[in-house]
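Just so it is clear, the model here is predicted, and its values are computed rather than measured. Residues: numbered from 1 along the sequence shown. No hydrogens, no waters, no symmetry mates; every other heavy atom, side chains included, goes into these values.
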Amino acid sequence: MRFSKQLCFASVAAMALASPAQAQDDDISISESFFVIGSAGDALYAPGSATVLESDYLNRFEYSDISRVLRAVPGVYIQEEDGFGLRPNIGLRGTGTARSEKITLLEDGVLIAPAPYSAPAAYYFPTAARMSAVEVLKGPSAILEGPRTVGGAINMVSTQIPDSPSGQLEARVGSRGFYEVHGFGGGMKGNVGALAEVYRSGSNGFKNLPNDGDTGFEIEDYVLKLRAQTREDASYPQTFEFKGQYYSQSSNETYLGLTDQDFAADPFQRYAASQNDRFDSEHYQLQLSHQIEIGEVTTVDTQIYYNDFQRNWFKVDDLNFGDGRIRPSALFGSGVSNDDVRLQILRGEADSIDDAIQLRNNNRDYYAWGIQSTLRTEFETGSWYHAVEFGVRYHEDEEDRLQNRENFAMRNGALVATSIGTPGSQANRVQSASAWAIYARDTIYIGENLTIEPGIRAEFIDLERQDFAGDDTSRANGPTRIRSNTVTAIAPGVGFTYQLNDALLLLGGVHRGINPPGASDASAQEETSLNSEFGARFITIFATVEAIAFYSKYNNILGNCTNSVGCTAGETGDQFNGGDARVFGLELSGYTEPYITDGLRLPLRFAYTFTDAQFTETFEDSFFGDVQDGDNLDFTPRHTLFLSAGVAGDTWSTALNMTHVSKQRTAAGQGPIPQDERINGYTVFDLAGNYQVAKPLNLFLTVQNLFGNDYAVSRLPYGLRPGRPRSVIGGVRVTF
């Protein structure tokens with residue numbers, strides 16, 4: 001690219017973010033097509049809010065929980081659930097957090113949620129510990145990554161095939177039976193290459209059942225990559241890469257939390273009624289990527305992908321104490337005494353009638369496949385220089401439910417099976433989607449200082465849901481009801497950067513956000529937003545600081561009725577449109593790593609987000625409730641703050657992370673937050689140390705929740721649930 005001043009600016013940004021810790025990854029080859037932003041230096045040059053967490057940062061704390069990784073990014077909201085990040089709830093700029101269903105999730109630039117169009121709730125999330133980078137994209141540049149552009153996108157970049165034969169083996173053990181083994185090896189030999197990667201992890205859990213049952217988890221994750229490429233002097237250089245992945249998880253997790261009194265007495269106890277709750281899943285991924293260079297400035301990247309995900313969450317679903325079926329949420333409101341006999345039954349302190357505790361086999365099978373291709377080229381029109389991207393994607397996905405209940409009685413603190421429902425009696429349906437997406441962006445360089453980036457995204461979506469009779473397990477009689485929905489959504493946007501001087505860059509933009517509905521209710525309309533941002537980046541070789549103000553005006557806010565939010569408004573999967581809302585806020589972030597003395601550095605990083613999110617009209621809805629103009633949105637803390645400070649030498653480093661999340665609501669409202677709708681604010685510290693014994697050998701120790709704070713992270717769907725207690729984890733890494 002011919003604008004030397006802008007290239008110099010990007011180089012300074014990269015130097016500002018560089019760290020000697022990156023040296024161990026110098027052999028890793030990162031394919032452009034797997035990124036949506038690029039390097040950390042590219043993120044600082046982007047005409048929009050963009051963050052890249054590279055391997056030097058990810059290796060510092062060795063987090064396997066994506067919730068802890070993303071705390072370092074402003075504008076990200078995390079609703080923790082299980083303490084290990086097994087099923088994270090992530091929102092961007094006020095989108096809501098439930099199952100990360102309102103943001104676009106990708107791995108290596110490809111949609112990764114189980115059914116991102118027809119059922120976007122992300123019950124599968126890529127293993128954070130095997131990622132080489134994490135990208136978070138907000139603002140107008142996010143329209144290239146859809147279908148959900150209201151908040152933005154998160155792209156997980158997996159371990160890449162090294163340029164030369166090399167690898168890594170890492171083992172960790174910690175509190176309460178935690179273990180983690182991660183290894184990969186491979187490289188290029190001439191024009192062919194390969195990578196094999198293994199990850200296994202598990203824990204006994206940190207919650208306690210009255211019968212001493214297991215509350216932990218086990219994960220297996222295996223990846224194989226193969227690459228073939230032409231010679232560099234080929235007329236049309238090409239690269240083919242295949243990726244195959246298998247993942248399985250078994251976790252003894254539950255939606256059943258605690259009353260406020262029980263949480264205060266022991267936040268890590270679990271009620272006896274949840275002793276059989278268990279989540280089992282398997283995930284398969286196949287991806288074939290192709291890149292061809294046509295001339296000096298034109299490339300075409302194409303990916304064909306297939307994802308298959310199966311899960312069954314066998315968990316407490318309904319209760320019946322002889323006076324009719326109720327949802328467990330009915331026992332966790334302010335009007336229920338803590339010594340209510342129904343709560344005593346849940347604790348195992350009292351016996352029940354038959355069929356009192358009803359667990360559902362929440363079986364769901366998903367698949368998604370698609371093909372996408374992006375053309376990138378550069379050209380000049382007069383004195384303007386253009387870097388153009390044009391892409392198209394065809395995608396299909398499906399969610400298949402065949403569910404039933406198994407009913408139990410509580411006897412002497414144990415669940416005793418009393419009856420079982422037929423498969424399909426609780427849900428027997430298939431919902432599917434097919435979609436075409438077309439997207440384009442032109443990055444226009446005007447002179448040496450100004451960049452303008454207009455773009456547009458169009459989604460053409462056909463959705464269908466087929467309901468079958470509860471006893472028609474073979475579905476031979478055809479559907480009893482068919483619902484369909486067609487969505488056409490257009491999302492234009494424009495961003496800009498202006499280099500005010502050698503150290504200061506101004507940025508801003510505006511774009512239309514879209515969040516398409518599913519097929520469960522043809523009356524549901526897409527959620528839309530008008531998003532704008534304006535900010536500045538101060539970048540020198542010594543430090544980077546960014547400040548961005550954002551404003552979003554939401555229309556037809558979309559609510560999804562799921563068990564995870566404790567919905568009682570309809571069937572699971574039904575969707576509801578609420579009213580209008582507005583979200584405005586401020587994101588501040590910065591990083592520096594000055595040398596105190598020769599060989600001694602002081603890495604410092606911070607990220608702060610202020611958010612004010614309110615409904616702007618009065619309405620009443622079975623899902624959203626009785627909403628008043630001015631009500632604050634739920635699960636949107638007003639303040640989040642992340643601070644990281646450390647000291648590093650040539651062969652060792654220490655770092656202390658602090659995370660603060662202010663109080664938040666679990667239901668829309670204003671004024672003082674009622675106790676049964678409140679999650680208190682909390683502050684948590686993590687400590688890490690790393691020592692390089694020899695060039696290939698590193699020892700490290702982390703302490704998560706250093707001061708052992710007891711804090712609640714969620715109140716939905718059924719009561720309070722705790723964050724992870726103090727956890728000490730030590731390990732060793734060998735590179736070769």
Side-chain angles (χ1 to χ4, degrees), residues 51-92 97 100 103 105 122 125-136 154 156-157 170 172 174-176 178 180 182 199 201 203 205-206 217 219 251 589 591 603 605-609 637 640-646 653-661 679 681-690 700-714 721-731:
T51 303
V52 179
L53 300 176
E54 295 180 315
S55 57
D56 64 320
Y57 176 76
L58 299 178
N59 289 338
R60 189 165 294 164
F61 270 79
E62 299 289 334
Y63 286 138
S64 55
D65 181 352
I66 189 62
S67 302
R68 278 181 144 83
V69 172
L70 290 175
R71 293 295 189 193
V73 183
V76 177
Y77 312 90
I78 306 290
Q79 196 63 47
E80 293 185 43
E81 182 172 320
D82 50 59
F84 296 103
L86 303 179
R87 283 163 293 278
N89 301 281
I90 305 168
L92 299 173
T97 58
S100 310
I103 63 176
L105 296 175
F125 198 91
T127 303
R130 63 174 178 82
M131 297 301 151
S132 61
V134 177
E135 302 180 294
V136 181
I154 296 176
M156 312 285 285
V157 183
E170 182 177 293
R172 301 199 294 164
S175 306
R176 290 169 286 277
F178 178 82
E180 191 173 58
H182 180 212
Y199 176 85
S201 181
S203 168
F206 57 83
F217 71 92
I219 289 174
S251 52
S589 61
Y591 178 75
R605 182 187 293 267
F606 75 92
Y608 168 75
T609 307
T640 63
L641 175 64
F642 171 85
L643 296 173
S644 180
S653 66
T654 62
L656 181 69
N657 284 0
M658 185 209 77
T659 296
H660 172 75
V661 180
I679 301 175
Y682 58 87
T683 302
V684 176
F685 290 84
D686 294 346
L687 179 67
N690 186 300
F700 47 85
L701 179 73
T702 62
V703 184
Q704 297 183 17
N705 193 356
L706 177 64
F707 299 111
N709 294 346
D710 294 342
Y711 61 101
V713 296
S714 179
R721 285 180 284 178
R724 190 172 180 174
R726 181 190 293 114
S727 301
V728 181
I729 302 168

Any idea which heavy atoms bring Pro74 and Ala72 closest together, and the distance? CD-O, 4.0 Å
Among all residues two or more places apart in sequence or in another chain, which pass the salt bridge (Lys or Arg N to Asp or Glu O under 4.0 Å) test with Glu135? none
Enter the distance from Ser201:OG to Arg172:CZ here, rounded to the nearest 0.5 Å. 7.5 Å
Of all residues at least two apart in sequence or in a different chain, which pass the side-chain hydrogen bond (donor to acceptor under 3.5 Å, both in side chains) check with Tyr711? none
With Asp686, which residues qualify under salt bridge (Lys or Arg N to Asp or Glu O under 4.0 Å), at least two apart? Arg68
The reported gap from CZ in Phe125 to CD1 in Ile90 (rounded to nearest 0.5 angstrom) is 4.0 Å
Rounded at 0.5 Å granularity, tell me how far CD1 in Ile154 sits from CG in Leu70. 5.0 Å
Is it true that Ser175 and Arg726 share a donor-acceptor pair across their side chains at a distance under 3.5 Å? no
Walk me through it: do Asn59 and Asn690 pass the test side-chain contact (heavy atoms from CB on, under 4.5 Å)? CA-CA 10 Å; Asn59 289 338; Asn690 186 300; over 6 Å; no
Separation between CE (Met658) and OG (Ser644), nearest 0.5 Å, reads 10.5 Å
Residues that Arg724 engages under salt bridge (Lys or Arg N to Asp or Glu O under 4.0 Å), provided they are two or more places apart: none
Closest heavy-atom pair, Ala607 versus Arg71, reported as atoms and distance to 0.1 Å, is CB-O, 4.3 Å
Polar side-chain atom of Asn89 near backbone of Glu81 as donor-acceptor pair, under 3.5 Å: no
Decide yes or no for Leu643 and Phe606: does some side-chain heavy atom of the first lie under 4.5 Å from some side-chain heavy atom of the second? yes
Find out whether Leu105 and Ser100 are in side-chain contact, i.e. whether some heavy atom of one side chain is under 4.5 Å from a heavy atom of the other. yes
Any chance you could measure Leu641, atom CG, to Thr683, atom OG1, to the nearest 0.5 Å? 8.5 Å
Non-hydrogen atoms of Gly730 and Leu701 that approach each other most closely: CA-CD1, 4.0 Å
Find the distance between CZ (Arg60) and CG (Asn657) and round it off to the nearest 0.5 Å. 9.0 Å
Can you name the closest pair of heavy atoms from Tyr591 and Pro603 and give their distance? OH-CB, 4.3 Å
Can you check whether Phe217 reaches Ser203 side chain to side chain, under 4.5 Å on heavy atoms? yes
Do Phe206 and Phe178 have their ring centres less than 6.0 Å from each other? no
Answer yes or no: is there a side-chain heavy-atom contact under 4.5 Å between Met131 and Ile66? no
Go through the structure and list residues passing salt bridge (Lys or Arg N to Asp or Glu O under 4.0 Å) with Arg87, not counting sequence neighbours. none
Pro637: which of Ile679, Val661, Thr609, Ile78 passes side-chain contact (heavy atoms from CB on, under 4.5 Å): Val661
Exam field: side chain His660 to backbone Tyr682, donor-acceptor pair closer than 3.5 Å: yes
Filter on salt bridge (charged side-chain N to carboxylate O under 4.0 Å, His left out), then keep only pairs touching residues 702-714, sequence neighbours left out; what's left? none
How far apart are the C-alpha atoms of Tyr199 and Ser64, what are their side-chain angles, what is the distance that settles it, and do they pass the side-chain contact (heavy atoms from CB on, under 4.5 Å) test? CA-CA 11 Å; Tyr199 176 85; Ser64 55; 3.8 Å; yes
Could you go through Phe61 and Gln704, starting from their C-alpha distance and side-chain angles, then the distance that decides it, and tell me whether this counts as side-chain contact (heavy atoms from CB on, under 4.5 Å)? CA-CA 9 Å; Phe61 270 79; Gln704 297 183 17; over 6 Å; no
Here the pair of heavy atoms bringing Ser67 nearest to Gly85 is OG-CA, 4.3 Å
With the side chain counted from C-beta on, respond yes when Arg605 and Leu53 share a heavy-atom pair under 4.5 Å apart, and no when they do not. yes
Are the side chain of Gln79 and the backbone N or O of Val713 linked by a donor-acceptor pair below 3.5 Å? yes
So does Arg130 get a backbone contact from the side chain of Ser132, meaning a donor-acceptor N/O pair under 3.5 Å? no
